[in-house]
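Side chains included, hydrogens not; waters and symmetry mates left out as well; all remaining heavy atoms used. Below, chains carry the letters A, B, ... as their sequence lines are ordered, and counting in each starts from 1.
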Amino acid sequence: MNGFYHPGRSLLHRMPAVAKLLTLIVTVTVVAFLRSPEALGIALAVTTLLFVVAGIPPRLALRAVGPVFWVLLIAVPLNGWLVGWDSAVIMALRVVTVVALAGLFTLTTTVSAVLGAVETLLRPLPRVDADRVGLLLALTIRAIPLLSEIVGSVFEARRARGVDRSLRAIAVPVIVRSLQSADELGDALIARGVDD
Amino acid sequence: MASARISARDLAQIAVFAALIAALTLPGAIPTGALGLPITLQTLGVLLAGAIIGPKKGTLAVVVYVALGAIGLPIYAGGTGGLGILFGPTGGFLFGFILCAFVVGWLTARLLPRYPFWPALGLTAVGGILSVYLIGIPWLAVTTGTPIGAVALGMVAFLPGDLIKVLVTVSVAKAVHRAWPGLITPRPWGRRRDGSSTDATTAAVDA
């Protein structure tokens, strides 16, 4: 699974993932505390400029912030009506800017680069085995297609028989087959010396 | 340090259940409901993680699921992903899922080995549903500046679906724990850990 990564050679693409992640955290925190619509407008304009610098097509940029539009579609009128339109505008600008900034990180960083950054950031922590965390995340990424197949085939089998359309009739075989897969995966890990 | 390490078998179960939540979230996402939250089987996956593999492994499975979505895999409801969703207005529900798996897993460990149906149904419904909304509703209210009462009212539309998912979870958990004992170490109510031999073995298995 490659996620939402959009390939490119811009400054943002070439920036090391750890530095980019830390910059994102600082920027998002600053934006979250901005109170004036002017300052937020500037923040949104700078964010838009960064999308241009990164060479993200407008279609992908809109898809990155798309999910929050559904929330804003209801929250903005509700906020304007109950609290005031000033507050509604500030809220909308802030939410769009934060989501766009985070989306920009996702669009310019490969999944494996983020995994590496997570491991680097976890390494200094005591009591956390960064290698195990990396292994767990990688295992899960490999397991998603397998589990999608299990869920899909159980749905299909039920539909083909046309007998029981209840959710339980689907969930029991899904869980049993998931547990069997986990057993096989556990055996494979032990065989490769993960527990040594 | 060595005791903090998770065994290979536990690692496999955590990975498989994290992947299961992703797999259940992907098909048939309907972008509808109050405040545009999509209805999916995501919550079913979270409830099952707690009720089938318990508080520790189940919670870790949800943490891994949330983390992989945050990294940028399109595994959140509606095929979305990325930090923007996690820290966006609906991100509180994702953090609520983590609490939900822990609460449901903790309650399940107390209901086992018998796992009586009606108490399990009641406790899972209250504990599981409340923990999701306890974080999700205030988060949505604060980020969108909407009064909390209005948000809570909007969530009523999701309750029937949530209750069906709890019912499915409990009936599946009952069948699975009977056929596949040992997934969760039972910790019955009112049994004191005073160093008696049976408790010592339970503790050893758990560690």
So, the part of A/L139 with a heavy atom under 4.5 Å from chain B: the answer is both
Okay, A/V83 and chain B: the region with an atom under 4.5 Å from a heavy atom over there is side chain
Of the listed B/I14, B/V168, B/V16, the one with the largest count of heavy-atom pairs under 4.5 Å with chain A is B/V16
From the list B/G81, B/A173, B/G88, the residue making the most non-hydrogen contacts under 4.5 Å with chain A is B/G81
So OG1 of B/T146 and CE of A/M91: to nearest 0.5 Å the spacing works out to 5.5 Å
Bottom line for A/V176: the part with an atom under 4.5 Å from chain B's heavy atoms is both
Under 4.5 Å to a heavy atom of chain A? For B/L20 that would be both
Under 4.5 Å to a heavy atom of chain A? For B/A150 that would be side chain
Margin query: Is it the case that over 12 heavy atoms from other parts of the model lie below 6.0 angstrom from the CH2 atom of B/W180?
Written below: yes
Cut-off 4.5 Å, heavy atoms of chain B, and the answer for A/S178 is both
| said: Tell me if the CZ atom of A/R142 is crowded by more than 12 foreign heavy atoms within 6.0 Å. | reply: no
Looking only at B/S171, B/P147, B/A179, B/A175, most heavy-atom pairs under 4.5 Å shared with chain A are made by B/S171
Honestly, the part of A/T106 sitting under 4.5 Å from a heavy atom of chain B is side chain
So, the part of A/I150 with a heavy atom under 4.5 Å from chain B: the answer is neither
Residue from A/V98, A/I175, A/V172, A/V194 scoring the most non-hydrogen pairs under 4.5 Å with chain B is A/I175
Counting heavy-atom pairs under 4.5 Å with chain B, the top scorer among A/L107, A/L137, A/V76 is A/L137
Rounding to 0.5 Å, atoms CG (A/L136) and CG (B/L60) come to a distance of 7.5 Å
Closest non-hydrogen contact found for A/V99 with B/G84 is CG2-O, 3.5 Å
Interatomic distance, CG@A/L147 vs CZ@B/F17, rounded to 0.5 Å, equals 8.5 Å
Under 4.5 Å to a heavy atom of chain B? For A/V68 that would be side chain
The interface call for A/L146 against chain B, heavy-atom contacts under 4.5 Å, is neither
Tightest non-hydrogen contact, residues A/A171 and B/V172, listed as CB-CG2, 3.6 Å
Next on the checklist: Quick check on A/L11: does its CG atom have over 12 non-hydrogen neighbours (other residues, nucleotides or ligands) under 6.0 Å away?
Outcome noted: no
For residues 180-193 of chain A against chain B, heavy atoms under 4.5 Å, the residues are A/Q180, A/S181, A/A182, A/D183, A/L185, A/G186, A/D187, A/L189, A/I190
d(A/Y5 OH, B/I71 CD1) to nearest 0.5 Å is 15.5 Å
Are the side chain of A/D195 and the backbone N or O of B/S7 linked by a donor-acceptor pair below 3.5 Å? no
Show which side-chain atoms of residues 26-49 of chain A pair as donor or acceptor with protein atoms under 3.5 Å away, not counting sequence neighbours.
unit_1 : atom_1 : unit_2 : atom_2 : d
A/T27  : OG1    : A/T23  : O      : 2.5
A/T29  : OG1    : A/I25  : O      : 2.6
A/S36  : OG     : A/A39  : N      : 3.1
A/T47  : OG1    : A/A43  : O      : 2.7
A/T48  : OG1    : A/L44  : O      : 2.7

The reported gap from CD1 in B/I52 to CG in A/L179 (rounded to nearest 0.5 angstrom) is 7.0 Å
Okay, A/V65 and chain B: the region with an atom under 4.5 Å from a heavy atom over there is neither
Under 4.5 Å to a heavy atom of chain A? For B/L11 that would be both
The interface call for B/L183 against chain A, heavy-atom contacts under 4.5 Å, is side chain
The interface call for B/I21 against chain A, heavy-atom contacts under 4.5 Å, is neither
Bottom line for A/L21: the part with an atom under 4.5 Å from chain B's heavy atoms is side chain
Interatomic distance, CG@A/L72 vs OG1@B/T144, rounded to 0.5 Å, equals 8.5 Å
